[in-house]
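Written below as structure tokens is the structure these notes are about.
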Amino acid sequence: MLGGVPGDLQVRGSVVIPDAELSWRFSRSSGPGGQGVNTTDSRVELTFDVAATTALSPHLKARALERLAPRLVDGTITVTASEQRSQLRNREAAEERLVEILAAAIAPPPRPRRPTRATKASVERRIAAKKRRGQTKKLRRSDTD
């Protein structure tokens with residue numbers, strides 16, 4: 001569930017990450033903040049253990065681990081958000097990012113390209129056009145060539 005409040009996180013139709021598997025960490029954010037800049041913990045780190053999750057089926061988990069391998073540290077993925085001045089908005093941004101990353105990681109692979117051949121008519125048109133271009137260039141030549 002999006003909205004920055006505690007609750008399960010819906011990644012795709014049947015894939016829902018329980019709130020218990022998400023780990024939140026808050027710290028002071030750099031950048032704008034006005035009077036509360038040094039007092040509020042608006043920076044958000046959302047950590048999810050992909051390797052130990054029960055939310056993904058074994059084949060989805062394997063696919064996610066393979067595709068996210070460069071981003072994973074000990075099987076966990078961490079998403080950080082600190083653009084907003086509000087902790088709630090940063091929590092929402094972190095949840096959205098994690099959902100996008102996981103949805104892309106567990107998406108089925110694209111269907112393989114099916115090789116096709118050019119039609120006979122299109123090949124003939126291409127050859128005829130080449131002959132016309134060659135003829136035009138031939139007519140441009142001088143007699144001394």
Side-chain angles (χ1 to χ4, degrees), residues 1-34 37 41-145:
M1 174 177 108
L2 288 178
V5 291
D8 296 346
L9 201 58
Q10 176 103 26
V11 177
R12 248 184 32 188
S14 62
V15 179
V16 178
I17 299 170
D19 186 46
E21 292 189 8
L22 299 174
S23 169
W24 296 92
R25 207 172 122 218
F26 307 100
S27 60
R28 291 189 185 136
S29 176
S30 62
V37 71
D41 292 340
S42 59
R43 182 172 179 265
V44 174
E45 276 185 28
L46 175 57
T47 306
F48 174 62
D49 192 347
V50 180
T53 186
T54 56
L56 300 174
S57 63
H59 76 276
L60 286 181
K61 189 188 294 188
R63 188 184 291 165
L65 287 170
E66 179 186 338
R67 290 185 180 167
L68 294 174
R71 285 195 67 162
L72 297 177
V73 177
D74 297 329
T76 63
I77 185 165
T78 303
V79 177
T80 307
S82 61
E83 306 77 49
Q84 306 295 326
R85 288 170 58 169
S86 154
Q87 186 188 97
L88 181 65
R89 287 205 206 105
N90 281 331
R91 286 182 75 155
E92 291 169 354
E95 283 181 342
E96 286 176 24
R97 269 190 225 139
L98 183 65
V99 166
E100 287 173 13
I101 290 167
L102 288 176
I106 63 174
R111 292 190 0 209
R113 183 186 170 278
R114 194 168 162 195
T116 57
R117 286 181 57 179
T119 62
K120 190 173 182 182
S122 70
V123 171
E124 287 174 1
R125 281 194 305 270
R126 185 178 62 86
I127 301 292
K130 286 178 77 158
K131 291 218 182 279
R132 278 195 305 276
R133 276 194 304 276
Q135 191 62 32
T136 303
K137 289 182 177 188
K138 194 174 186 181
L139 292 172
R140 287 186 197 144
R141 290 186 198 156
S142 61
D143 290 336
T144 58
D145 282 350

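Just so you know, these numbers come straight off a predicted model, no measurement behind them.
Atom CZ of residue Arg25 and atom CG of residue Leu46 lie 12.5 Å apart, to the nearest 0.5 angstrom. Taking CD from Glu95 and CZ from Phe48, the interatomic distance works out to 12.5 Å, rounded to the nearest 0.5 Å. Atom CZ of Arg63 is separated from atom CG of Leu56 by 10.5 Å, given to the nearest 0.5 angstrom. From Arg91, atom CZ reaches atom CD of Gln84 across 14.5 Å, with rounding to the nearest 0.5 Å. Within the model, atoms CD1 of Ile77 and CD1 of Ile101 stand 4.5 Å from one another, a figure rounded to the nearest 0.5 Å. Atoms CD1 and CG, on Ile106 and Leu65 in that order, are 12.0 Å from each other to the nearest 0.5 Å.
Counting heavy atoms from C-beta outward, Leu102 and Val15 have side chains that stay 4.5 Å or more apart. Within the 4.5 Å cutoff, the side chain of Lys130 has heavy atoms near those of the Arg126 side chain. For the pair Ser86/Glu92, no side-chain contact is recorded, criterion being any heavy-atom separation below 4.5 Å from C-beta on. The shortest distance between side-chain heavy atoms of Leu98 and Val11 does not fall below 4.5 Å.
Nearest heavy atom pair, residue Ala118 against residue Val123, reads CB-CG2, 3.9 Å. Residues Val16 and Pro18 share a closest heavy-atom pair of O-CD, 3.5 Å. In plain terms, the two heavy atoms of Val79 and Ala94 that are nearest each other are CG1-O, 3.8 Å. When every heavy atom of Asp49 is checked against every heavy atom of Gly75, the shortest pair comes out as OD1-O, 3.1 Å.
With no hydrogens or angles considered, a side-chain donor-acceptor pair links Glu21 and Thr53 at under 3.5 Å.
Judged by distance alone, with hydrogens and angles left aside, the side-chain atoms of Gln10 form a donor-acceptor pair with the main-chain N or O of Arg12 at under 3.5 Å. A side-chain donor-acceptor contact under 3.5 Å links Arg67 to the backbone of Ala104. Checked by atom type and distance alone, the side chain of Arg43 never pairs as donor or acceptor with a backbone atom of Thr80 at under 3.5 Å.
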